[in-house]
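Notes to accompany the following structure.
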There are 2 protein chains.
Amino acid sequence: MEIRPTLDPGSEVPLYRQLGVYLHKLIENGELRPGDRLPPTRELAGQLGLNRTTVSAAYELLETQGLIKGEVGRGSYVCGTKRAPAAGTTRATPESLNWARLLTPSIGPAAATPASDVISFTNSRPAANLFPVDEFRASCLEVLGREDLKALLQLGSPGGYEPLRRYLMERAAAQGLAGPDDEILITNGCQQALDLLRRALVKAGDRVAMEDPVYPGQKNLFLEAGAELTGIAIGEDGIDLAGLRRAFDRGARLLVVTPSFQNPTGATIPAAHRETICAMARAAGAAIVENDVYSELACDGTLLPRLKQFDPNVILLGSFSKIAFPGVRVGWIIAPRAVIARATELKQLADLHTDHLAQAFLLHFARSGRLAAHEAHVLEAARGKLRALDESCRRHLAGCAWQIPGGGMNIWITLPAGLDAVSLRGLAQQAGIDYLPGRYFAVSHPQDGGLRLSFAGLEPHEIREGIAILGAVIQRANGLRGAAAQSPALALV
Amino acid sequence: MEIRPTLDPGSEVPLYRQLGVYLHKLIENGELRPGDRLPPTRELAGQLGLNRTTVSAAYELLETQGLIKGEVGRGSYVCGTKRAPAAGTTRATPESLNWARLLTPSIGPAAATPASDVISFTNSRPAANLFPVDEFRASCLEVLGREDLKALLQLGSPGGYEPLRRYLMERAAAQGLAGPDDEILITNGCQQALDLLRRALVKAGDRVAMEDPVYPGQKNLFLEAGAELTGIAIGEDGIDLAGLRRAFDRGARLLVVTPSFQNPTGATIPAAHRETICAMARAAGAAIVENDVYSELACDGTLLPRLKQFDPNVILLGSFSKIAFPGVRVGWIIAPRAVIARATELKQLADLHTDHLAQAFLLHFARSGRLAAHEAHVLEAARGKLRALDESCRRHLAGCAWQIPGGGMNIWITLPAGLDAVSLRGLAQQAGIDYLPGRYFAVSHPQDGGLRLSFAGLEPHEIREGIAILGAVIQRANGLRGAAAQSPALALV
């Protein structure tokens, strides 16, 4: 079986994914059969003129799809079983269906499982040790003791729990974030808000603009829908305006953007740029989804105007998960009526409605003032984390580039030229830390020279210790690379 | 503007939907413009040779999409605003985006809002007055008092809360419903399980077989995905085997089926047919999704073997919502590993994971034995409801056809020939009851002569009173129809 894919290096679809899809088809068509051995990555890379990591990533993708299996020292083999018996057989047999043929293909390899027993910068989530457990428990007990508990246990409305909807809309109106044409939909956190809006706004082939890098949960969602993603580079001031204008000129009809403390870069867009972005989208007749889950995590307390304040057409996403409890899944969409009407239809198809108790608990927690008190506590702690981050990056990350954000949960480190965050990760894990390599966040541009550090879940002393370890690992790798560059025999690897 | 759609009466897509999509395109393309008046339904129906209710349903569809607006006495008008300003305008304006152009189209008209202040047979849900509120509250308090509450508030795993997964898998294994190759995924109720499986198994254009009639939440989900639905008629023994065989022969690669107490018909498939269904799917290399949310609602306590027991490839859906609390959104999928791996990926994209507290509460409620006690109580009450249903149908529904189920929540009434459940509904609401007309459940065959009565949420005396009212409404309509048939002048209406 010869492997001769037609790959397009100019495509927005990364090469490893193109190769993965090609191999998936060979397996689906039966040209590669169960038990067949795939060529070693090094061999196939040479044959196709590709980087070996590209081939490895394609194999990794197929492995997460259960199509192939790698065995140490033996290479990778096609999994699966024979085709279903011919029609006419009438007795069920325990033989397995050909799931590889029946299942829709995966979009990309999941980020490899984070290492345990290390200082882990892998998760963009709040610190559990700050959770105000007693206050939250008190709110739950108050809700559970109410007369209307029966109504909470019964089927509810797709739009959400009415008292929570009202509370959030009043709060938003007071902040200038909801106008007379706006409505609200309660979702299972911000991820579901994005999923519903993707279904409401994107058909296969539509062009969608988003920051590049961006967190995989956003990118993969739109890729699953068959959208064509245009990744817009991020600079010091967030998304690049010239790149964004080009994307609109080329027909992007949707921009998904996180103006404050973007994930993974931590970048924040200044107010003047925000107004320009709204104007550009408006001129292009394109919709904007504004992911606003991080803006209240501003350590100096300054809230920049949201895009929604410049244009009432903006679709605003909010959530309790970044300030309060990600395990309690409640988020929301505030948008013009037509958008909410369509998204609510889709919410009903997706899962009828968001869990009632979660909505009632969080409403009580917010309305009682406990959420605001908790937020102040989180911001106080965050200031210490940012100081630790700033000091230890300056001290240990010579040769790297970064920008300390004014809040949020994430920071992006650009490695010294020539270093690759995927290769470095194994060394980092051995040394006692873990992070997510830039590759998982790449949209249109390779991000192999960058990595994300999620700091919000760590203590200042862990941040200091972790960054020191990262610095040492980078210096060591840089040294090795320098040595390798002087040695032609090794430099080919 | 002339309206000349090309409609295909032989298509599986109902005519009203074909007409709705055609009109949607005219609006999208600007051939129909904001403010334009649509022809009266009677006029357009005459012009196109369609039934007037078909045109009304198409207009209703466009109205739910926010594309047109009907005004009493003035007809229907195209809504929306002018196109976005040309590129080059750089100042945001409060003018509204053209949402009709940006939003994906709706699949079908939502069932008209149920009437209030009547005996309502519209909702397939348990009776809130049976909810064991004190027992559930006790379970919640025990969970909230635990040391590990912090972990429950933190971000969890897409696959679900591990202790709940283990509990459900052990229970399933003990019942022969999970084998060594099976895994489990926790979802937000059965509706999300269907949504994730739809994404995992169906591409646009794929043929999917399902019962006809079927509840709209299932049908519309697959229509949204662009699947071609083949509705298989339901008889006394549930799904028609000859029809199912034809569907597989024509290339259906997925069957979604509710073998026990199907929604909306209440039909149950006998054990021998179940084995045949598995064998047919197996021979066709097709997957089966078995919706098993009602089988434990068997009033005589007999549990028929599930399809999953005949073929380990079957994908089994379960939920707590039909026995316990629909407001607490927890369901699950048990299926071969490859299916669960793909569905778990999609779950992560859809909403990261199901609410942690809901999972922990229900696990505690089940493990403490309180769920089983509640189930016995529900079944006892259900026996009284079924008796009331049986007696009052016999007494009041002369000329109708029905079959009293052995459990579940729904029953299907076939009206006397010539009566239409949509037209009848207005009379029924005026007389003091409400139901859902068959049209909302139609897949490939018209179901206008049938209606669903959901009885589980009502008391026996309400069932008796409601069926008496329904019977009187039917007799009255039948009388009017008889009179009309004798009067040529009216018969044209």
Side-chain angles (χ1 to χ4, degrees), chain A residues 66 84-85 87-92 94 97 99 102-104 106 125 128 131 133 137 140 144 149-150 152-156 188-189 191-192 195 200-201 203 220-221 224 278-279 282-285 287 310-313 325-329 338-339 341-342 345 349-352 355-358, chain B residues 66 84-85 87-92 94 97 99 102-104 106 125 128 131 133 137 140 144 149-150 152-156 188-189 191-192 195 200-201 203 220-221 224 278-279 282-285 287 310-313 325-329 338-339 341-342 345 349-352 355-358:
Chain A
T89 316
T90 55
R91 178 78 199 164
L97 275 175
W99 291 115
L102 290 168
L103 291 167
T104 53
S106 281
R125 61 182 191 186
F131 287 163
V133 173
R137 187 183 288 123
C140 296
L144 289 167
L149 179 57
K150 232 169 224 181
L152 288 174
L153 299 179
Q154 186 54 286
L155 204 63
N188 309 335
Q191 185 68 28
Q192 191 185 45
D195 185 41
L201 289 164
K203 299 187 296 294
N220 292 339
L221 193 59
E224 280 275 357
C278 289
R282 198 65 202 75
F310 294 111
D311 188 337
N313 289 293
F325 317 107
V328 184
R329 309 287 314 135
V339 177
R342 176 73 182 127
E345 263 181 16
L349 289 181
D351 61 2
L352 302 188
D355 191 82
H356 259 161
L357 291 175
Chain B
T89 316
T90 53
R91 177 79 200 166
L97 274 175
W99 290 114
L102 290 168
L103 291 167
T104 53
S106 280
R125 60 182 192 187
F131 288 162
V133 173
R137 185 182 289 121
C140 296
L144 290 168
L149 179 57
K150 232 168 221 181
L152 287 174
L153 299 180
Q154 187 53 288
L155 203 64
N188 309 336
Q191 185 68 28
Q192 191 185 45
D195 185 42
L201 289 164
K203 298 185 297 290
N220 291 339
L221 192 59
E224 281 276 355
C278 289
R282 200 65 201 74
F310 294 111
D311 187 337
N313 289 293
F325 317 106
V328 184
R329 311 285 315 135
V339 177
R342 176 73 180 126
E345 261 182 16
L349 289 181
D351 62 2
L352 302 188
D355 190 83
H356 259 161
L357 291 174

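- Side-chain contact between A:L201 and B:L102 is present, with at least one heavy-atom pair separated by less than 4.5 Å.
- In this structure, CG in B:L352 is found 12.0 Å from CZ in A:R125, a value given to the nearest 0.5 Å.
- Interface remark: B:D195 contributes side-chain atoms only to the contact with chain A (heavy atom separation under 4.5 Å).
- If you tally non-hydrogen atom pairs under 4.5 Å between each of B:G156, B:C140, B:A350, B:G189 and chain A, the highest count goes to B:A350.
- Side-chain contact between A:V328 and B:H356: absent, with no pair of heavy atoms (C-beta onward) separated by less than 4.5 Å.
- Across all their heavy atoms, A:R329 and B:L155 have their closest contact at NH1-CD1, 4.4 Å.
- A 4.5 Å side-chain heavy-atom check between B:F131 and A:L149 finds every atom pair outside the cut-off.
- For the pair A:F325/B:L152, no side-chain contact is recorded, criterion being any heavy-atom separation below 4.5 Å from C-beta on.
- The two residues B:L349 and A:Q191 make their nearest non-hydrogen contact at O-NE2, 2.8 Å.
- Under a 4.0 Å N-O distance rule, the pair A:R342/B:E224 qualifies as a salt bridge.
- Looking at A:Q154, its side chain never comes within 3.5 Å of a backbone N or O of B:P326 through a donor-acceptor pair.
- Across every non-hydrogen atom of B:A338 and A:L103, the tightest pair is O-CD1, 3.5 Å.
- The minimum heavy-atom distance linking A:R282 with B:L97 is given by the pair NH1-CD2, 3.5 Å.
- A heavy-atom distance below 4.5 Å is not found between the side chains of B:N188 and A:D355.
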